[in-house]
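Chain naming here is simple, since letters A, B, ... match the order of the sequence lines and numbering starts at 1 in each.
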Amino acid sequence: MAKEKPAETPVVTIEQVGKHEGAEVVLRGWLYNLREAGKLLFPIFRDGTGVIQGVVSQKEQPGVFESLRGLTQESSVIVTGRIRAEHRAPGGYEISVTALEIVQRVPESDPYPIQLKEHGVDFLLDRRHLWIRTPRQAAVLRLRDEAIRAAREYMNSQGYTLTDAPIFTPAACEGTTTLFEVQYIDDEKAYLTQSGQLYVEATAMALGKVYCFGPTFRAEKSKTRRHLTEFWMLEPEAAYANLDDMMALGEGLVSHIVQSAVKNRARELETLKRDTAKLTAVKPPFPRITYDEAIEILQKRGNPAKWGDDFGGDEETILSSQFDRPLIVHRYPAAIKAFYMQPDPQRPELALGFDMLASEGYGEIIGGGERISSYDLLVQRLRENHLPEEAFQWYLDLRRYGSVPHAGFGLGLERTVAWVCGTEHIREVIPFPRMIYRVYP
RNA sequence: UCCCCGGUAGCUCAAUGGUAGAGCGUUCGGCUGUUAACCGAAAUGUUGCAGGUUCGAGUCCUGCCCGGGGAGCCA
């Protein structure tokens, strides 16, 4: 028979601790840091939702004092104590510990490797599975979650249906970039997808307004703070939609993601010391300029760009720094865009495509536009780009059977989240980044 | 693939071609309000690897390995 207990001490999260001021609670987490001041101990506990300072007096809690003294960083603990408002404690609350259960003690002979100080990137990336425990990394991952949640919410509010694309594909989506080749069952070869676009074009013809959201893979040997070999992309596609529809959708999606982060994740942005004034400004309408105008701006600023060039990192930074919110550049030369882009009927040398450049130099976060709906033109473009027509027969079917004008885009999740967080490098905004020469852990 | 930078204690970094060091972490001691606490002491090294130059190489030269930043390409 269970023993009668007067009142169970509630297990709470550190995030919620303010609601239990004056009460005794149980916290379950890890020892983040321990400061010793003679007969007083100041442990800092973390539980994934936040950190809180504890205090233990040798005089008042000799048993707890003895077991806590010398306890190693990141040892797992279950802590019982009373919550007090305490202005001297970081976070404003403090727990006076009355009982401590050590779930696992990190051995002194093999201490937790990540100290509360600066570390090198290589060291941290080799220990990414531990690095994510630090408050800053946890805040970034919560903002990633918020961005995904907000993005789905927005797509749903606009009447879009999630229809995910396959990860194994029979051939290149765009032909230009390098693919990861994998053996598919017996002797067949398959490739990891570099974009779900071709597939959402198909589902758009079935359901109207659709999007996919999943990982994509690029085997490019890019070594920059803006590139991952595995990254997540959200790709809307809508039948009967045009370039203007997609620029409006992209603008609405990005501003909803940013405003949701500001509204729902203020604490995390504070942890990251992000200047939220710059994020609050991200509201429609976003500035829109044509490629022609972009070239003019660049030339006025002394950049050697000439008509027909694509923009590199420098050009993107010059252009986006002119504005306080993301910049949309549209109608690029067809020659520098993907084979499936619809030409501008007014000026066939232009493609009805657009890019969205995040502010503050974070680069391209969206690329998209209208797709070619004509069977003949699409076949011509496949041939011009030396793409294997056999592999694209199913895609050509979309132009054989009830082809309609349609448009879409791809939004790079990590670039967007890196910009929202203000992180220096894109690798911090995905739990386990995959980069050239780095697939561990 | 190309260009640039780096690799020294568990970590972050010092060291004119001349005895390999500091701070943090770990261990021991001290301290009743600490804020990456502080103070005192101790232990800790195949200087990325292989050659070469030199009386002598962490330092100079060659090759290689590993990593970082950028270009190209893209989200």
Chemist: When the P atoms of A57(B) and C66(B) are considered, how many whole Å apart are they?
Modeler: 28 Å

Chemist: Applying a 4.0 Å non-hydrogen cut-off, can you work out what Gln53(A) is touching in the nucleic acid: base, sugar-phosphate, or nothing?
Modeler: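 Base contact.
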
Chemist: Measure from the side-chain heavy atoms of Glu108(A) and tell me the nearest of U27(B), G67(B), C31(B).
Modeler: U27(B)

Chemist: In whole angstrom, give me the gap between the P atoms of G58(B) and G48(B).
Modeler: 10 Å

Chemist: Does the C74(B) base have a donor-acceptor partner in the side chain of His227(A) within less than 3.5 Å?
Modeler: yes

Chemist: Of the listed nucleotides (U12(B), A75(B), C31(B)), which one gets closest to any side-chain atom of His119(A)?
Modeler: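 It is U12(B).
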
Chemist: State plainly whether the residues Glu251(A) and Arg288(A) are in salt-bridge range, i.e. N to O under 4.0 Å.
Modeler: yes

Chemist: In whole Å, what separates the P atom of U44(B) from that of G63(B)?
Modeler: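 Roughly 38 Å separates the two P atoms.
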
Chemist: Does NZ or CZ of Arg128(A) come closer than 6.0 Å to the centre of the six-membered ring of Trp131(A), within 45° of the ring's axis?
Modeler: yes

Chemist: Using the C1' atom in both, what is the distance from U59(B) to G6(B), to the nearest Å?
Modeler: 15 Å

Chemist: Roughly how far apart are Glu414(A) CD and Arg144(A) CZ, rounded to 0.5 Å?
Modeler: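 Going from CD on Glu414(A) over to CZ on Arg144(A), the span is 4.5 Å.
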
Chemist: Check every atom of G69(B), A75(B), G33(B) against the side chain of Arg427(A) and return the nucleotide holding the closest atom.
Modeler: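 That would be G69(B).
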
Chemist: Considering only G69(B), U26(B), U12(B), which nucleotide approaches the side chain of His425(A) most closely?
Modeler: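 So the side chain of His425(A) is nearest to G69(B).
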
Chemist: Between G72(B), C74(B), U34(B), which one does the side chain of Ala89(A) approach most closely?
Modeler: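 Of G72(B), C74(B), U34(B), U34(B) is nearest to the side chain of Ala89(A).
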
Chemist: Given the structure, check if the side chain of Ser222(A) and the base of C73(B) hold any donor-acceptor pair shorter than 3.5 Å.
Modeler: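 Answer yes: a donor N or O sits under 3.5 Å from an acceptor.
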
Chemist: Taking atom P in both G17(B) and U12(B), compute the distance separating them and give it to the nearest angstrom.
Modeler: 25 Å

Chemist: Among Asp344(A), Leu350(A), Thr290(A), which residue meets the side-chain contact (heavy atoms from CB on, under 4.5 Å) test with His330(A)?
Modeler: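 Option passing the side-chain contact (heavy atoms from CB on, under 4.5 Å) with His330(A): Thr290(A).
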
Chemist: Return a single string for nucleotides 3-9 of chain B, one symbol per nucleotide in 5' to 3' order, where B is base contact, S is sugar-phosphate-only contact and - is none, cutoff 4.0 angstrom on heavy atoms.
Modeler: -------

Chemist: Would you indicate which nucleotide in U32(B), U34(B), A75(B) comes nearest to any side-chain atom of Glu364(A)?
Modeler: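 Nucleotide nearest to Glu364(A)'s side chain: A75(B).
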
Chemist: Could you check, using the six-membered ring where one of them is a Trp, whether Trp30(A) and Phe45(A) have ring centers closer than 6.0 angstrom?
Modeler: no

Chemist: Please list every stem that involves RNA chain B, where a stem is a run of 3 or more consecutive Watson-Crick or G-U wobble pairs with both pairing distances under 3.5 Å.
Modeler: B:1-7 with B:65-71, B:10-13 with B:21-24, B:26-30 with B:38-42, B:48-52 with B:60-64

Chemist: Given the rule in the side chain to side chain contact (heavy atoms under 4.5 Å, CB included) test, do Val103(A) and Ile78(A) qualify, once you have shown the distances and angles that lead to the verdict?
Modeler: CA-CA 7 Å; Val103(A) 180; Ile78(A) 296 174; 3.8 Å; yes

Chemist: Mind checking Glu36(A) for me? I need base, sugar-phosphate or nothing, with any heavy atom below 4.0 Å counting as a touch.
Modeler: base

Chemist: U53(B) and U62(B): how far apart are their P atoms, nearest whole angstrom?
Modeler: 15 Å

Chemist: With sugar-phosphate meaning primed atoms plus P, OP1 and OP2, does Tyr112(A) contact a base, only sugar-phosphate, or nothing at under 4.0 Å between heavy atoms?
Modeler: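 Here Tyr112(A) touches no strand at all.
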
Chemist: Report yes or no: do Asn264(A) and Glu146(A) form a side-chain donor-acceptor pair below 3.5 Å?
Modeler: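 On atom types as modelled, these side chains qualify, holding a pair under 3.5 Å.
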
Chemist: Name the closest nucleotide to the Arg88(A) side chain, picking from C74(B), U32(B), G33(B).
Modeler: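 Looking only at heavy atoms from C-beta outward on Arg88(A), the closest nucleotide is G33(B).
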
Chemist: Are the side chain of Glu315(A) and the backbone of Gly312(A) linked by a donor-acceptor contact shorter than 3.5 Å?
Modeler: yes

Chemist: Considering only the P atoms, how many Å lie between A14(B) and G7(B), rounded to the nearest integer?
Modeler: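 To the nearest whole Å, 8 Å.
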
Chemist: For the side chain of Phe42(A), counting heavy atoms from C-beta on, which of A75(B), G33(B), U26(B) is nearest?
Modeler: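 Closest nucleotide among those given: G33(B).
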
Chemist: Out of U34(B), C73(B), G67(B), which nucleotide sits closest to the side chain of Glu94(A)?
Modeler: U34(B)

Chemist: Does the side chain to side chain contact (heavy atoms under 4.5 Å, CB included) test come out yes or no for Thr80(A) and Val97(A), once each step is laid out?
Modeler: CA-CA 6 Å; Thr80(A) 307; Val97(A) 183; over 6 Å; no

Chemist: Using only modelled atom types and a 3.5 angstrom limit, is any donor from either the side chain of Arg35(A) or the base of C31(B) paired with an acceptor on the other?
Modeler: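 No.
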
Chemist: Expressed as a whole number of Å, how far does the P atom of U46(B) sit from that of C55(B)?
Modeler: 29 Å

Chemist: Out of U32(B), C74(B), U1(B), which nucleotide sits closest to the side chain of Arg415(A)?
Modeler: C74(B)

